[in-house]
Each structure stands twice: as C-alpha cells, then as structure tokens.
Amino acid sequence: AKEDGRNIYRFFEADMGVAVKDRRELITDLRNAVGNGELELYFQPQYCLRSFSISGFEALVRWNHPTRGLVSPADFIPLAEDTGLINPLGEWVLQEACRIAADWPQHLRVAVNLSPRQLRGHAFGPVLIESLARSGLRAERLELEVTEGVLLTDSDDVLNALHQAKSLGVKVSMDDFGTGYSSLSYLRRFPFNKIKIDQSFVRSMAYSDDSISIVKAIIGLAQDLDMSTTAEGVETKELLDMLVEIGCTEAQGYYLGRPMPVAEAQELIFSVDQA
Ligand code: C2E
Ligand code: CA
Ligand code: CA
Ligand code: CA
C-alpha cells in the first residue's frame, strides 16, 4: 500500500509538471497569436422573438493554434485574463467585430464580450472610440456583454467606462444573468440595456416548472426596468415556443444557429435578405 501511494504521488507530480509546462507554452503561444493572425471571430445569430428575424450576432473568439488545432475560449480567455494578454486580445476582438459588422445591413447589431480587466484603468474609452471611428460602425449597433464579475471589482473605473460607453450610444448587456452571487444588486448599480438569461436556467425550463417561474420573473423584472431579455442556450423548438409565450425579447442557441465563421454569417444574412 505504501508503494502504491508513492506511485500515485509520482504520477500526480509528473502530471502537474505537464500541466504547468502546458500552461507556460500556451501563454507563450498566446502572446504571438494576435500578431500571427491565429485568432478568428465566429458569429452566433440572435433572433428577435416578435419578428422572428435576426437582430444581430454575438462575436465569439476562436484560436486556430498551429499544432493544437482549435482551442476553446474557455481554455485561453482565463489565461489571457491572468497574464494581462486580455487587453491586446480584447482590443483586437472589438476592432475586428466593429469592422465586420460595419458591412452588414444597418439594422443588425454585433455583441462583443468584455473581461473585467479590459474596463479597469483609463484605456477602454479611447479604444472604444477608436474602434467605432475606424470602422464607421454606428455606436447604436454595438453591444458590450459584461458578466456581473465586472461590477464585483467595485472600482469607479469600471462604472465610468460603462457609463461612457452608454453615453456614446453603445448598448450594455448583463451576461450570464443569475449565475453570480448578487445579480440583483448589480442591476441597481448599472442601467443595463439588456439581460442575457443564463443557459442553465433556459435549459432546465424543459423539465422544471420552478425554472419556468424563475425565467418568467427575470423577464418581468427586466420589463419593469426597461431592459430587454435574451435567452441563451436555446437548443429545442419546445424551449423556443415557451420563451415566445412568456414574452422574452430575443433568443440565441444551437436550435437557431451555432457560432459560425464570418463568411457563413454573411451568407445567412444574405439568404434572409433575399427571402
Ligand atoms: P458566453 O459569452 O456566455 O457565450 C456563450 C457560449 O455558449 C459560447 O461558447 C457559445 O458557443 C455557447 N452556446 C451558444 N448557444 C449554445 C447552445 O444552444 N448550447 C450550448 N451548450 N452552448 C451554446 P464559446 O464560444 O465556447 O465561449 C465561451 C465563453 O468564452 C463565452 O461565454 C465568453 O465568456 C468567453 N468568450 C468568448 N469570446 C470572448 C471574447 O472575445 N472576449 C472575452 N472576454 N470572452 C470571450
Ligand atoms: Ca456573452
Ligand atoms: Ca452567456
Ligand atoms: Ca458564460
């Protein structure tokens, strides 16, 4: 048994070594990813539930790693946040999303995800203004998605940056609503334009009446606060029908469309335009 324990320990140690090396390598590679053109934006359609037409797309970053293949943002965004690389990366995402959306029909919006760190300090305002100016995208067509973690930092910088964005006409959405510890108190601290109802609530509506009640309550709350609602993670027609029924504003999810490369998004926009 003693022998076993040592082996397990050795195995564990070796494993940790790999994990640390892996992380270090990924960070080195990530440093060059923007410059090497390895990042790409995918776009997932968001549908208006009144008109049943596309109202915009959420930009989701992808990393085409030269040897590892496609790396998920869930694996590299946290690394980018820890190392500060999120600032150049996030700047690239914002500029690229604005540049691409500027070519779309004028009624379509683009939503960009922001990490808390991008809003700290005083750099975000100028980056935002430059992205809009360079691309020619009207501010009203841009949405910034922030999670409640953004307001956790309790810094004036963050609130100032969000207020500046709003004063330019940019929309601000609260992402993953309901998953944090104090979603409700954040609604009081910042006047969001939109609440994105987290996938976990949406998915569980299929088998839980309590979840339906919660989503209904979120939608009612949003209406009272003059905010719109987007349900995320809509994977079935059944869920879509329920969301229409209870008055959700928009929906997004695999049933309606997966995140896709820009050329495919363009095709989708064009095919709908022709219909
Ligand atoms: P998120 O902002 O909550 O984005 C939604 C995620 O759910 C996306 O994963 C999307 O592909 C996935 N999704 C959409 N519809 C469905 C569905 O019907 N079912 C299921 N199971 N999943 C669905 P993705 O693209 O892997 O992104 C993961 C997270 O990485 C995002 O979560 C966001 O927090 C972060 N992220 C992605 N792009 C960026 C970025 O440019 N900047 C920052 N800061 N974070 C980003
Ligand atoms: Ca998002
Ligand atoms: Ca989300
Ligand atoms: Ca999320």
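In what follows, every heavy atom counts, from backbone to side chain, and hydrogens, waters and symmetry copies are set aside. Here the structure is a predicted model, which means the values were calculated and not measured.
To the nearest 0.5 Å, atoms CD1 (Ile246) and CD1 (Ile219) are separated by 4.0 Å. One distance of note links SG of Cys248 with CD1 of Ile197; it measures 4.5 Å at 0.5 Å rounding. To the nearest 0.5 Å, atom CD1 of residue Ile129 and atom CG of residue Leu132 are 8.0 Å apart. Rounding to the nearest 0.5 Å places CD1 of Ile195 at 10.0 Å from OG1 of Thr230.
Counting all heavy atoms, side chain and backbone alike, Leu108 lies closest to Ile54 at CD2-O, 3.3 Å. Nearest heavy-atom pair across Gln95 and Ser131 is CG-OG, 3.3 Å. In this structure, Phe57 and Ala265 approach most closely via the heavy-atom pair CE2-CB, 3.9 Å. Smallest separation of non-hydrogen atoms from Pro45 and Leu256: CG-O, 4.3 Å. When every heavy atom of Val202 is checked against every heavy atom of Leu239, the shortest pair comes out as O-CD2, 3.3 Å. Closest non-hydrogen pair, Leu79 versus Thr83, comes out as O-OG1, 2.8 Å.
Side-chain contact between Leu240 and Leu49 is present, with at least one heavy-atom pair separated by less than 4.5 Å. With a 4.5 Å cut-off on side-chain heavy atoms, Val61 and Tyr42 do not count as touching. Side-chain contact between Arg141 and Gln106: present, with at least one pair of heavy atoms (C-beta onward) separated by less than 4.5 Å. At a threshold of 4.5 Å between non-hydrogen side-chain atoms, the residues Glu245 and Asp241 do not count as touching. Taking the side chain as every heavy atom from C-beta outward, Arg62 and Pro261 never approach each other to under 4.5 Å. Counting only heavy atoms from C-beta outward, the side chains of Leu243 and Thr229 never approach each other to under 4.5 Å. Taking 4.5 Å as the limit, every side-chain heavy atom of Glu143 sits out of range of all side-chain heavy atoms of Val172. Taking the side chain as every heavy atom from C-beta outward, Leu144 and Ser173 never approach each other to under 4.5 Å.
Donor-acceptor pairing under 3.5 Å is lacking for the side chains of Asn87 and Gln118. Inspection of the Ser211 and Ser204 side chains reveals an N or O donor paired with an N or O acceptor under 3.5 Å. Asp103 and Gln266 are not linked by any side-chain donor-acceptor pair at a separation below 3.5 angstrom, with hydrogens and angles left out of the test. With 3.5 Å as the limit, one finds a donor-acceptor pair spanning the side chains of Gln46 and Gln252.
The pair Glu25-Arg68 meets the salt-bridge criterion, with a side-chain N (NZ, NE, NH1 or NH2) lying under 4.0 Å from an Asp/Glu carboxylate O. With respect to the salt-bridge test (charged N to carboxylate O, under 4.0 angstrom), the residues Glu250 and Lys194 qualify. Glu145 has a carboxylate O that lies under 4.0 Å from a charged side-chain N of Lys196, or vice versa, which qualifies the two as a salt bridge. Taking 4.0 Å as the cut-off between side-chain N and carboxylate O, Lys216 and Asp209 do not count as a salt-bridged pair. Ion pairing between Arg117 and Glu81 fails under the 4.0 Å rule for side-chain N and carboxylate O.
Figure legend: cation-pi geometry between Arg258 and Tyr254, with NZ or CZ positioned under 6.0 Å from the six-membered ring centre and within 45° of its axis.
Aromatic ring centres of His65 and Phe76 lie farther apart than the 6.0 Å criterion allows. Checked against the 6.0 Å centroid criterion, the rings of Trp104 and Phe43 qualify as a close aromatic pair.
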With salt bridge (Lys or Arg N to Asp or Glu O under 4.0 Å) as the criterion, how do Asp82 and Arg23 come out once you've worked through the C-alpha distance, each side chain's angles and the decisive distance to 0.1 Å? CA-CA 11 Å; Asp82 291 349; Arg23 192 183 142 91; 3.6 Å; yes

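Lys237 contributes no side-chain N or O that, together with a main-chain N or O of Tyr255, makes up a donor-acceptor pair within less than 3.5 Å. Listed for the Asp75 side chain is no donor-acceptor partner under 3.5 Å among the backbone atoms of Val71. Between the Asp157 side chain and the Gly121 main chain, a donor and an acceptor come within less than 3.5 Å of each other. Here the side chain of Asp198 pairs no donor or acceptor atom with the backbone of Phe177 at under 3.5 angstrom. The backbone N or O of Leu137 sits less than 3.5 Å from a side-chain atom of Ser135, completing a donor-acceptor pair.
Val110 pairs in a side-chain contact (heavy atoms from CB on, under 4.5 Å) with only one of the listed residues (Leu94, Leu41, Leu142), which is Leu142.
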